[in-house]
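Only one structure is covered here, and it is reproduced in the block below.
Both counts, for ligands and for their atoms, begin at 1 and track the order of listing. Here the structure is a predicted model, which means the values were calculated and not measured.
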Amino acid sequence: MVSRVIPVEPFDLVIFGGTGDLARRKILPGLFRRFIAGQMPQDAQIIGAARAEYDADGYRQFIKQSLFEFGPKDVPNDVTEAFLSGLDYVAIDAKGTNGWPDLAAKMRDGHVRAFYFSVAPALFGDLAERLHSHDIALPDSRIVVEKPFGHDLKSARSLNATLAQHFSEDQIYRIDHYLGKETVQNLMAVRFGNMLFEPLWNALYIDHVQITVAETVGVDGRGGYYDTSGAMRDMVQNHLMQLLCLIAMEPPAKFDPDAVRDEKLKVIRALDPVSPHHLVRGQYGASSDHPDYRAHVENRRSRTESYVALKTHISNWRWAGTPFYLRTGKRLRARSSEIAVVFKETPHSIFGPEAGSHRNALIIRLQPDEGITMDVTIKEPGPGGMRLIDVPLDMTFAEALGPEVGEVPDAYERLIMDVIRGNQTLFMRGDEVEAAWAWTDPIINHWGETKDVPKPYDAGGSGPEDALMLMHRDDRKWREIR
Ligand code: NAP
């Protein structure tokens, strides 16, 4: 049932930061899976680049270890070796001169050239400049940049301007790995490939939308970075915003990168500013096996949020009157990401008040158990009269499509292959990122100006009490985190 694997064109992919955490945990294991699936052409070349002094063999041994740790299991040794033989390494300092001529010599004519900037954003400008001064980047080469893309609107603009000095927008691939998830793309297929949903997809029929990204982990190992960021910058400005855009955007005229991104941009620009009354921030407390947030980041006075919930509106014809509720947090009850599109009740119940209140809901689950379910109201089976219950119509992919669905590429693999194919649909455009910061900045600035202190919440729970109230006040409730 899984679609056929079509190999991509021959490519040279340089991973700056090729010894770093992201390269070891995600990028190289992802490429390895694509190699096993037969999507990488024989002569694909992957070059790690960082300051550490490795020769090619040393780097292959280093990456072999990462593949054992983070890659697919039970792969025959000859397959692993065949993949590793396509790996090379150059010791390079983004800010220095050494290594650049060696890298230039390794690039091959006729191959797609892609450069993954898996390094701190402060190095993007140096890398871009040197790729050009050493004639390594060509007019059709691509660069891949990671989040965080800026810290606020000003820094995002400055990063965009830095990259624009050397690369045009159609060469820049800003990764948001949420967009690479199978279900996120399926959301577009479900919305725009079926007649069923689109006529109902508006404020007349949809009561509200809730988007949840819950994690069980704390800030483990990233405390220093996280404490300067917080949930609003780390999750809402990018991942949740992108999910909101895909739910709320108008149908693009065609499934083409700029058509899709134009529609997403219109959604962000139509977002209302968020009232302070519709914002809740939290910091997780301690549990028996974990310190609380402030101990975790080693800052007893930290006012950074590890949880945020908010309500917003989209001021356009389609959505006027339908609230969008967003929440994300760490150390919550379960690892769970989902979007729930909750429809209105029927205008009149022929079953009387005792039948209770029932609403259809379309649930798009991103993790775990990626899939889509539709809650529908039916008669409770049995002789008890006309009692109504809500049951899910389950479109969990693994069940509907068979075991092979487990072999669909994960987000990073898919997105890297899209870079090689030159397809930008699932990458954020510079103006989208700036618009998202323009909406987020006033919220964060308000917290700073008012010295807002996040509310404590129990580790392993569902977030601060105030977040529950945000919904209760509107006579609605969050779906359970499970
Ligand atoms: P990391 O583990 O600290 O690795 C940084 C890499 O950059 C190392 O390979 C380092 O190697 C190299 N590097 C540092 N300074 C350099 C220089 N002057 N010239 C050349 N190479 C240099 O960081 P990471 O976690 O992999 O993250 C990389 C980027 O991805 C960051 O922007 C991060 O925010 C982003 N990101 C990471 C994750 C994740 O899960 N890790 C998730 C999302 C986004 P040497 O020290 O040997 O030079």
- Message: Does ligand 1 come near enough to G20 that some N or O of the ligand is less than 3.5 Å from an N or O of the residue?
- Response: yes
- Query: Just wondering, more than 12 heavy atoms not from E169 lying within 6.0 Å of its CD?
  - Reply: yes
- Message: What protein heavy atom lies closest to atom 21 (N) of ligand 1? Include the residue and the distance to one decimal.
- Response: A50 CA, 3.8 Å
- Relative to the ring of F149, is the ring of F124 parallel (under 30°), tilted (30 to 60°) or perpendicular (over 60°)? tilted
- Item | Close aromatic pair by centroid cut-off 6.0 Å: H132 and F167 | yes
- Item | Sub-4.0 Å heavy-atom approach of H177 to ligand 1 | no
- Can you find an N or O of K95 that's nearer than 3.5 Å to an N or O of ligand 1? no
- Query: Under 3.5 Å between some N or O of ligand 1 and some N or O of A23?
  - Reply: no
- Donor-acceptor pair between Y89 and T19 side chains, under 3.5 angstrom: no
- Query: In terms of side-chain heavy atoms, does D289 have a donor or acceptor partner in S287 at a distance below 3.5 Å?
  - Reply: yes
- Query: Judged by modelled atom types alone, do Q237 and K147 share a side-chain donor-acceptor pair under 3.5 Å?
  - Reply: no
- Query: Of all the non-hydrogen atoms in the protein, which one sits nearest to atom 12 (C) of ligand 1, and at what distance?
  - Reply: G17 CA, 3.9 Å
- Query: Would you say R51 has any N or O atom under 3.5 Å from an N or O of ligand 1, going by distance alone?
  - Reply: yes
- May I ask you to identify, for K26, whether its side chain, its backbone, both or neither come under 4.0 Å of ligand 1 on a heavy-atom basis? neither
- Above 12 or not: heavy atoms from other molecules or residues under 6.0 Å from CZ of R300? yes
- Message: Can you tell me which portion of L123 lies within the under-4.0 Å heavy-atom range of ligand 1? Options are side chain, backbone, both, or neither.
- Response: side chain
- Message: Under 4.0 Å from a heavy atom of P121: which atoms of ligand 1 are those, numbered in the order shown and with their elements?
- Response: 32 (O)
- Message: Please check this pair: side chain of T304 against backbone of D227, looking for a donor-acceptor N/O pair closer than 3.5 Å.
- Response: yes
- Please check if any side-chain donor atom of Q424 sits under 3.5 Å from a side-chain acceptor atom of R261, or the reverse. yes
- Item | Contact bool for atom 45 (P) of ligand 1 (protein heavy atom, d < 4.0 Å) | yes
- Does the pair Q61 and Y54 meet the rule for a side chain to side chain donor-acceptor pair (under 3.5 Å), with working shown? CA-CA 10 Å; Q61 286 312 309; Y54 282 107; over 6 Å; no
- Between S302 and R294, does any side-chain donor sit less than 3.5 Å from a side-chain acceptor? no
- Nearest protein heavy atom with distance in Å, relative to atom 11 (O) of ligand 1: T19 OG1, 3.2 Å
- Message: Using a 4.0 Å cut-off to any heavy atom of A52, which atoms of ligand 1 qualify?
- Response: 47 (O)
- Identity and distance of the protein heavy atom lying nearest atom 40 (O) of ligand 1: R25 NH2, 2.8 Å
- Under 3.5 Å, is there a donor-acceptor pair between the side chain of Q171 and the main chain of L138? yes
- Considering only the protein, which heavy-atom contact is closest to atom 2 (O) of ligand 1, and what is its distance? D21 N, 2.9 Å
- Note on the structure: Closest to atom 32 (O) of ligand 1 among protein heavy atoms sits V119 O, 2.9 Å
- Can you tell which of I92, L22, V145, I15 gets a heavy atom nearest to atom 37 (C) of ligand 1? L22
- Query: Which atoms of ligand 1 have any heavy atom of D93 under 4.0 Å away?
  - Reply: 17 (C), 18 (N), 19 (N)
- Item | Proximity to ligand 1 by part of E146, non-hydrogen separation under 4.0 Å | side chain
- Note on the structure: d(I47 CD1, K106 NZ) to nearest 0.5 Å is 6.5 Å
- Item | P148: numbered ligand 1 atoms lying under 4.0 Å from its heavy atoms | 34 (O)
- Any idea which protein heavy atom is nearest atom 28 (C) of ligand 1, and the distance to it? S118 O, 3.2 Å
- Item | Residue, atom name and distance, where the atom is the protein heavy atom closest to atom 36 (N) of ligand 1 | K147 O, 3.7 Å
- Item | Polar atom proximity, A49 to ligand 1 (N or O, under 3.5 Å) | no
- Query: Will you find, in the side chains of H111 and D12, an N or O donor that is under 3.5 Å from an N or O acceptor?
  - Reply: yes
